[in-house]
There are 2 protein chains.
Amino acid sequence: MIDANFINPFLSATLNVLKIQANIIAEPGKLLRKNPGESLRGDVSGVVGITSNTFNGSVAISFPEATFLKVISGMLGEEVHELTPDIIDGAGEITNMIFGQAKIVLNDRGHGIQMALPQVVTGKDHSLMALSKGPAVVVPFTGPAGEFTVEISLSE
Amino acid sequence: MIDANFINPFLSATLNVLKIQANIIAEPGKLLRKNPGESLRGDVSGVVGITSNTFNGSVAISFPEATFLKVISGMLGEEVHELTPDIIDGAGEITNMIFGQAKIVLNDRGHGIQMALPQVVTGKDHSLMALSKGPAVVVPFTGPAGEFTVEISLSE
């Protein structure tokens, strides 16, 4: 299992970015261990690779379309009802902000993490599967805007 | 535009891995510059983040389902007609082999690239969009097994 001290900055950054950028309140649920071959499902996801001197990994946030539209509506201050390229770009910015904040906290503690370029995945009910034999956790979030999921997969 | 000396190892590794692992012959087409906000489409994709001291990036290979099934059939030496979790795992292995080989060549030339954990994306006609304001290229491949695409996006 991944150490809670490593996971918590990702959860705090998720809550923080959604609250400040989109005025969305969410609550993390129980951490679930993700087994190799299990996948994360969503309609809009942000994925970013991480590397360090001691491990590498991949982190992702996956939203159902309805939740994502509420997040973007909160960010823009107006109701958004469909996924357009500009709006999909917003998923990349959210991903960048969340995982960038988490990286700062972890690197202050000496982890020396580097972040690759984020990729935004869109497609109704797509699935993401990290190729890792190492530990992985999935954290489901709930709230008035709906559900979404954060995943952290590490090489060791 | 990304330097051809940086791109070519990815193309050679793609041809090499598909030939050796799956007995699939493919041919790279004309390099296309990818503009910010443009996306890569496919049914099965392998995505991996890269980092170095001077830039970071994301590389991806995207297959239509029909092409991917032919690649996997070639790897297994038997006809495969549908996407199962085991087969999807094969996309991760192909991604790892291709980008791992390219990394070795580039690092022999001093690039000092680290590779994050690959993610496999599945979902009919999903799209991938790298969040970069830097250069990005898309290389379409063709061959008897069908078309597929390799993308390289860098931060600078």
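Residue numbering restarts at 1 for every chain, and letters A, B, ... go by the order of the sequence lines. Keep in mind it's a predicted model, so treat the numbers as computed, not measured.
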Counting heavy atoms not belonging to A:Glu38, are there more than 12 under 6.0 Å from its CD?
-> yes
Return the orientation label for the B:Phe6 and B:His111 ring planes: parallel under 30°, perpendicular over 60°, tilted otherwise.
-> perpendicular
Residue B:Ile50 versus chain A: region with a heavy atom under 4.5 Å = backbone
With a 4.5 angstrom heavy-atom cut-off, could you sort out which part of B:Val121 is near chain A: side chain, backbone, both or neither?
-> both
Donor-acceptor pairs under 3.5 angstrom involving side-chain atoms of residues 87-106 of chain B: please list them, not counting sequence neighbours.
| unit_1 | atom_1 | unit_2 | atom_2 | d |
| --- | --- | --- | --- | --- |
| B:Thr95 | OG1 | B:Ala91 | O | 2.6 |
| B:Gln101 | OE1 | B:Asn16 | ND2 | 3.1 |

Do A:Asn23 side-chain atoms and A:Gly74 backbone N/O form a donor-acceptor pair below 3.5 Å?
-> no
Output yes when a side-chain donor or acceptor of B:Arg33 lies under 3.5 Å from a complementary backbone atom of B:Val138, and no otherwise.
-> no
Which one wins on heavy-atom pair count under 4.5 Å against chain A: [options]?
{"options": "B:Ser127, B:Ala130, B:Gly134", "value": "B:Ser127"}
{"options": "B:Ser132, B:Gly123, B:Gly57", "value": "B:Gly57"}
{"options": "B:Ser58, B:Ser52, B:Gly49", "value": "B:Ser58"}
{"options": "B:Val120, B:Asp125, B:Leu117, B:Leu40", "value": "B:Leu117"}
{"options": "B:Gln114, B:His126, B:Arg41", "value": "B:Gln114"}

Run the numbers on B:Val71 and B:Phe148 for side chain to side chain contact (heavy atoms under 4.5 Å, CB included), then give the verdict.
-> CA-CA 11 Å; B:Val71 170; B:Phe148 61 93; 6.0 Å; no
Most heavy-atom pairs under 4.5 angstrom with chain B, which of A:Ala116, A:Ser155, A:Ser153?
-> A:Ala116
